[in-house]
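Heads up, the thing below is written out as structure tokens.
All values reported here derive from a predicted model rather than from experimental measurement. One-based numbering, in listed order, for ligands and for the atoms of each.
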Amino acid sequence: MTLGIVTIFPEFFAGPFQHGILRRSQEAGLLKIEVHDLRRFTTDRHRTVDDRPFGGEEGMVLKPEPIFEAVERLREQGRPRARVILLSAQGRLFRQPLASELAREESLLLLCGRYEGVDERVAEHLADEEISIGDYVLSGGELAAAVVADAVARLLPGALGNVASAVRESFSGPPGEEQVGLLDCPHYTRPATFRDMAVPDVLLSGDHQRIAQWRRRKALEKTWRNRPELLSRAILDDQQKEWLAEIQGRKTL
Ligand code: SAM
């Protein structure tokens, strides 16, 4: 996959992509990240990327011309089918199924806003969609682009050492299904007892069937405690429905 990012702060990305899975994916040739300085696509002497908003509001808005120029030039230069995404607090919420969908694209181009935002003509006539990473306002799209890049990159075939881990994770439904899954179960490592806090016995039992059951139940408990709204969209089997009734009947875990 080729992942392009258009930003007025290209140096922002010097760090986030140099570690772990993102670095390894690039080294393995699964992912090519290209960071483009928006100012390169300006035509005036001052390389102006922003201007005052019409209508007399406060602040500045990113101008449409350099952004259109950037996308059109990058498309001409070998990314004709790039899916163009404007990072925006007003966008559709970025969730795991959307990350899986984007991971199947050959090329993504992420546009980072700043200041009061981006001239609306970019959302209306240039970007394929607007994506928000959550219900809060960031000062720029760069962090949001890094979040999207990370969530997508780890889903590229071959990026994770253990393929099963992407399937078992929080929010991930069964492979091939776009339903939102439950949260992940708790994980423990050595030592088995730390400051009188012992790892659940079942995990030391060696009984893989019991361990699998325990994990499924704990995932359900954690989801009910921390993100109960996910349960209304999850497809539960009979055993999970029984557990849920029991958990809810207890009121507290
Ligand atoms: N005036 C805008 C609003 O209220 O929706 C906020 C603009 S914000 C200060 C500047 C830029 O940060 C946006 O253009 C966008 O690119 C990025 N941004 C802010 N919050 C975001 C979010 N939740 N998800 C994705 N991008 C976000």
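Contact check on D237 versus R216 returns a salt bridge, with a Lys/Arg side-chain nitrogen under 4.0 Å from an Asp/Glu carboxylate oxygen. With respect to R225 and E221, no salt bridge is recorded, no charged nitrogen being found less than 4.0 Å from a carboxylate O. Look at E130 and R92 and you find no salt bridge, because none of the NZ, NE, NH1 or NH2 atoms lies under 4.0 Å from a carboxylate O. A salt bridge between R52 and E57 is absent, with no side-chain N of the basic residue lying under 4.0 Å from a carboxylate O of the acidic one.
By the 30° and 60° cut-offs, the orientation of the rings of H36 relative to F41 is perpendicular.
Of all the heavy atoms of I131, the ones lying under 4.0 Å from any atom of ligand 1 belong exclusively to the backbone. Neither the backbone nor the side chain of F94 has any atom closer than 4.0 Å to an atom of ligand 1 (non-hydrogen atoms only).
Among protein heavy atoms, the minimum distance from atom 26 (N) of ligand 1 is reached at S88 N, 3.3 Å. Among protein heavy atoms, atom 6 (C) of ligand 1 sits closest to V137 CG1, 3.8 Å. Taking atom 8 (S) of ligand 1 as the reference point, the nearest protein heavy-atom neighbour is L138 O, 3.2 Å. Remark: minimum distance from atom 16 (O) of ligand 1 to any protein heavy atom is reached at L87 O, 2.6 Å.
When the options L3, V152, I21 are evaluated for a side chain to side chain contact (heavy atoms under 4.5 Å, CB included) with L31, the one that passes is L3.
Between L244 and L220, the shortest heavy-atom distance links the atoms N-CD2, 3.7 Å.
Residue nearest to atom 22 (C) of ligand 1, selected from C112, G113, A89: A89 (by heavy-atom distance).
With E105 contributing its side chain and E101 its backbone, the two residues share no donor-acceptor pair below 3.5 Å. The main-chain N or O of A82 is found under 3.5 Å from a side-chain atom of R75 such that the two form a donor-acceptor pair. With D128 contributing its side chain and V84 its backbone, the two residues share a donor-acceptor pair below 3.5 Å.
Taking every non-hydrogen atom of G140 and a distance limit under 4.0 Å, the qualifying atoms of ligand 1 come out as 11 (C), 12 (O), 17 (C). Ligand-side atoms of ligand 1 in range of Y115: 7 (C), 8 (S), 9 (C), 10 (C), range being under 4.0 angstrom from any heavy atom. Proximity to A144 (heavy-atom distance under 4.0 Å) selects the following atoms of ligand 1: 25 (C), 26 (N). Residue-ligand proximity, Q90 to ligand 1, at heavy-atom distances under 4.0 Å covers atoms 2 (C), 3 (C), 5 (O). Within ligand 1, the atoms closer than 4.0 Å to a non-hydrogen atom of Y136 are 20 (N), 22 (C), 23 (N), numbered from 1 in the order shown. The contact set between ligand 1 and G117, taken as ligand atoms under 4.0 Å from a residue heavy atom, comprises 14 (O). Ligand-side atoms of ligand 1 in range of G141: 12 (O), 16 (O), 17 (C), range being under 4.0 angstrom from any heavy atom. Near E116, meaning under 4.0 Å from any of its heavy atoms, are these atoms of ligand 1: 1 (N), 2 (C), 7 (C).
At least one N or O atom of I133, backbone or side chain, sits closer than 3.5 Å to an N or O atom of ligand 1.
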